Amino acid sequence: MEQQKRYGHFDDQHREYVITDPQTPWPWINYLGNEDFFSLISNTAGGYSFYKDAKFRRITRYRYNNVPMDNGGRYFYIKDGDTVWNPGWKPCKTPLDFYECRHGMSYTRITGRKQGVEASALFFVPLKKWCEVQKLTLRNDSQATKQLKLFSFEEWCLWNAATDMENFQRNFSTGEVEIENSTIYHKTEYRERRNHYAFYHVNTPIQGFDTDRESFIGLYNEFADPQAVMEGKPRNSHAHGWSPIASHYIEVTLQPGEQKDFIFLLGYVENEQDKKFEAPQVINKEKAHQLIAELDTTEKVDRAFAELCKYWDALLDIYKVKTGNDKLDRMVNIWNQYQCMVTFNFSRSASFFESGVGRGMGFRDSNQDLVGFVHQIPPRARQRIIDIASTQFPDGGCYHQYQPLTKRGNNDIGGGFNDDPCWLIFGTVAYIKETGDFSILDEMVPFDNQPGTEVTLFEHLRVSMNHVIENLGPHKLPLIGRADWNDCLNLNCFSMDPNESFQTTENVTEGTKAESLMIAGLFVVTGKDYVALCKELARRRQDDGGSADVYTAEAERMQQAVDEMIEAVKKDGWDGEWYLRAYDFFGNKIGSNECDEAKIFIESQGWCTMAEIGAEDGMVAKSLDACKKYLECEHGMVLNNPAFSKFIYEYGEISSYPEGYKENAGIFCHNNPWVIIGECIAGRGDDAWSHYAKILPSYVEEKYQTLHKVEPYVNCQMVAGKDAARPGEGKNSWLTGTAAWMWYTVSEFILGIKPDYDGIRIDPCLPETASDYTVCRKFREAEYEITIHPNGQQKGIKSIVLDGQPVKGAVIPYSAGKHIVEVNM
Ligand code: BGC
Ligand code: NOJ
């Protein structure tokens, strides 16, 4: 294998990834912002910002898939004599004497040195504020006085990121700005229906500015050599249409050893309709002034930054492990949790692979994401559950996506993904187990956002379960609909028209026999959860002196449905060595030894082993062995094997991909954890660990930085599988259900700390070589310090001692306060 070059390393103490070479194999990005105002930032300061919705409220412009890659961002140009350079190397690419990018928890610090000057820029979005702070520190380390010319740069997006890229006949005439002292305001369309504007400010007097792109850059120049910068002369341009930008020009004198801070603010403001203007055509700047005043000094900014760091300290203080294995600890304690927060915030909307215009918040995606996040800020998970459920249809079906700005179901994609309803159970149960807050089930939640249709959230869960059992096929297995978790297994689509989308094209549903074993397993897992929830509700009713009949009856009804599903899988879902994947439209097997290609799929192995279907008959063990034998490779488990070598009309998009990529035998990291959990439930700790370590970023980081290409501190959606041209190459980093599933797997199934209704269940599954470890877990009003002594065992608890007293069973009963727990396996 070629020698793998390194581009950076972890700094666990600061919870940072430190990039030391700007020419990473792909832009390595970070996310800023936690609630409303968000930014994406690459290791060379590329990227963009938006308010809440990457499609409808894009603040700065970005060019995806451009030449060069990662084009557009917040750029500082420093002109020192004839040399022009950027602290992040790009866009000028002037060789630097020193370069470093530190991606941390919701902040990024980029430092460059050239000709005795150090420029260090700290980027973050302060808590609860609608702005990105850019604190630029310039220091003169040379012996001579430095006369520097500093130019800032941002390019405005005309708000709707989709039309911004296509409707030029309009766009080139609408752009409007205002300039007031050191602040440049972007107010396109404010004169009509918009009540919001953005601004770019610096906390020092400026000696010039530009707001018109062509004036600043020149029509035949580039970001790498803007005319104004190269000549050291701002144009003081005022944009009228075309492409508005914001650039400050500042003359800086630095004595030897002297250092100066500049606080740049990229802000966003909304005004009430009747307070939009302070004079005809002049925008009301009151709120902008206020925001600026809150962040106009180094002290104020440092305080806001310290608050942000404290916020992350608290979030990461909820679950902490000490195993002595740095690679595991840093993923569990820092990066996996961080990625969970980011995916929870963004769903699949905005990354360097998701343009922010195509997709809103996924129904299934968000329910899974919140499982990775619920321990950190439960109230936000609660709100998310209610938002998601509000887009459900009365029959339990679901809009596949919704827009975060409007919270409305997305009509472009519609519904019909028959796994979607089950995920609502998955998310809600996780929320209640974490918080003990059963009141969420009584919340009144509408269908399809229609006022007047409100029923309790519990009723939403009930119709979700019903949706599965009311849509069974000829083998009494769940009908797949448009697709199940695998968006690309489109068994009712039958499209031969390349201009059609596999996701949205009208399906043939009449007469379909297409059934999904993945949904069958998912139904059994979530059905068992639902039954347990009903029983828990019944018990609580009884304790309150009420009648538990409704819940008891519901538990029985669904238990029966679960039992029937298990029987159906055993009867018609087993292929002899593994679980089938599906039946196609005509009732033919998919994922069977009888098939020419794609004889085995991962999804049904994962879900049916998690559901323990046929464990007593050896089915689970055989299925897990088959995963090792046929799916596992050096970089993880592929989705199916062998890969499809040709397009199959009856199967849809899955067979459209070249071998080894995406849903056609790529390593779809998202579903590796399903099998790993199956291994854990079966008690096979060594196997679980070896699968887990293969896709654990810190292990990949150590071995494959160049090959893997994408960020080494987070999981990506897909790693090219063994049939691909470049096995091990990663794609689609950051926004993936993998984050939540990796977290769920390691925190609950490997390390074995599982929130439950009445306490914390202890149930680790470890490799035989595991040594003692300690988990500090904040849980509701309690704090547990749990030390596990594996004693060479992979699974099974011998004894639990809570504050010196032996505990019966595997659940530490919840009580507020601090507790010490000793567990022997
Ligand atoms: C991709 C899937 C994705 C789907 C929906 C497909 O092309 O392969 O991973 O979920 O599109 O956007
Ligand atoms: C990405 C989607 O976001 C997710 O919902 C889906 O399950 C996977 N692709 C697999 O197709």
Side-chain angles (χ1 to χ4, degrees), residues 54-55 339 342-344 346-351 353-372 388 398-402 410 412-424 426-427 480-491 493 495 498 500-505 516 518-519 521-522 581-582 598 601-604 606-607 637-640 643-644 647 651-674 715-721 724 730-741:
K55 176 175 181 180
Q339 189 181 5
V342 171
T343 45
F344 175 80
F346 289 83
S347 193
R348 307 296 170 269
S349 66
S351 70
F353 294 85
E354 299 279 9
S355 63
V357 300
R359 298 163 77 180
M361 315 289 280
F363 191 99
R364 76 160 84 91
D365 295 330
S366 281
N367 272 302
Q368 291 169 75
D369 294 345
L370 74 85
V371 170
I388 299 170
C398 314
Y399 271 110
H400 196 47
Q401 287 167 21
Y402 72 96
N410 182 335
D412 295 345
I413 177 121
F417 294 78
N418 281 351
D419 62 314
D420 273 337
C422 294
W423 296 111
L424 189 62
F426 184 68
I480 198 168
R482 213 171 252 296
D484 59 24
W485 171 86
N486 191 329
D487 287 322
C488 299
L489 194 58
N490 315 119
L491 303 182
C493 187
S495 175
E500 285 177 349
S501 150
F502 287 107
Q503 314 295 318
T504 56
T505 297
S516 160
M518 182 266 160
I519 304 183
L522 174 65
R581 175 61 176 89
F601 282 75
I602 198 169
E603 302 99 322
S604 44
W607 282 100
M637 283 176 277
V638 298
L639 192 146
N640 53 291
F644 291 104
F647 178 62
Y651 289 9
E653 185 171 348
I654 187 165
S655 57
S656 71
Y657 285 111
E659 294 89 327
Y661 294 102
K662 291 288 283 183
E663 280 88 343
N664 183 17
I667 298 160
F668 229 90
C669 299
H670 187 144
N671 50 39
N672 276 235
W674 298 344
N715 272 111
C716 53
Q717 180 206 49
M718 195 255 339
V719 174
K731 283 186 192 137
N732 208 356
S733 50
W734 277 103
L735 303 184
T736 160
T738 313
W741 277 99

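Just follow the structure's listing: the first ligand is 1, and inside any ligand the first atom is 1. On a predicted model such as this, the values are computed, not experimentally measured, just so you know. Nothing fancy with the numbering, it's 1 onward along the sequence.
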- Sole candidate of Asp420, Asn410, Asp365 that passes side-chain contact (heavy atoms from CB on, under 4.5 Å) when paired with His400: Asp420

- Residues that Gln717 engages under side-chain contact (heavy atoms from CB on, under 4.5 Å), provided they are two or more places apart: Lys662, Phe668, Asn732, Thr736

Kindly print each ligand 1 N/O atom paired with any protein N/O atom under 3.5 angstrom away, one pair per line, or none if nothing qualifies.
residue  : atom   : partner : partner atom : Å
ligand 1 : 7 (O)  : Glu653  : OE2          : 2.3
ligand 1 : 7 (O)  : Tyr657  : OH           : 2.9
ligand 1 : 8 (O)  : Tyr657  : OH           : 2.6
ligand 1 : 8 (O)  : Glu663  : OE1          : 2.8
ligand 1 : 8 (O)  : Glu663  : OE2          : 3.4
ligand 1 : 9 (O)  : Lys662  : NZ           : 3.1
ligand 1 : 9 (O)  : Glu663  : OE2          : 2.7
ligand 1 : 10 (O) : Asp487  : OD2          : 2.4

- Enter the distance from Asp369:CG to Trp741:CH2 here, rounded to the nearest 0.5 Å. 11.5 Å

- Regarding Asn664 and Glu659, is there a side-chain donor-to-acceptor distance under 3.5 Å anywhere? no

- Item | Test item: side-chain donor near acceptor, Glu354 and Ser349, under 3.5 Å | no

- Message: Rounded to the nearest 0.5 Å, what separates atom CE in Met518 from atom CG in Leu489?
- Response: 11.0 Å

- Message: Is a donor from one side chain sitting under 3.5 angstrom from an acceptor on the other, for Ser516 and Asp484?
- Response: yes

- Close side-chain approach of Ile388 and Asn367, heavy atoms under 4.5 Å: yes

- Query: Which parts of the protein, at residue level, reach under 4.0 Å of ligand 2 through a heavy atom?
  - Reply: Arg348, Arg359, Arg364, Asp365, Trp485, Asn486, Asp487, Glu663, Phe668, Gln717

- Note on the structure: By ring pair (Phe, Tyr, Trp, His ring centres under 6.0 Å), Tyr402 pairs with (sequence neighbours left out) none

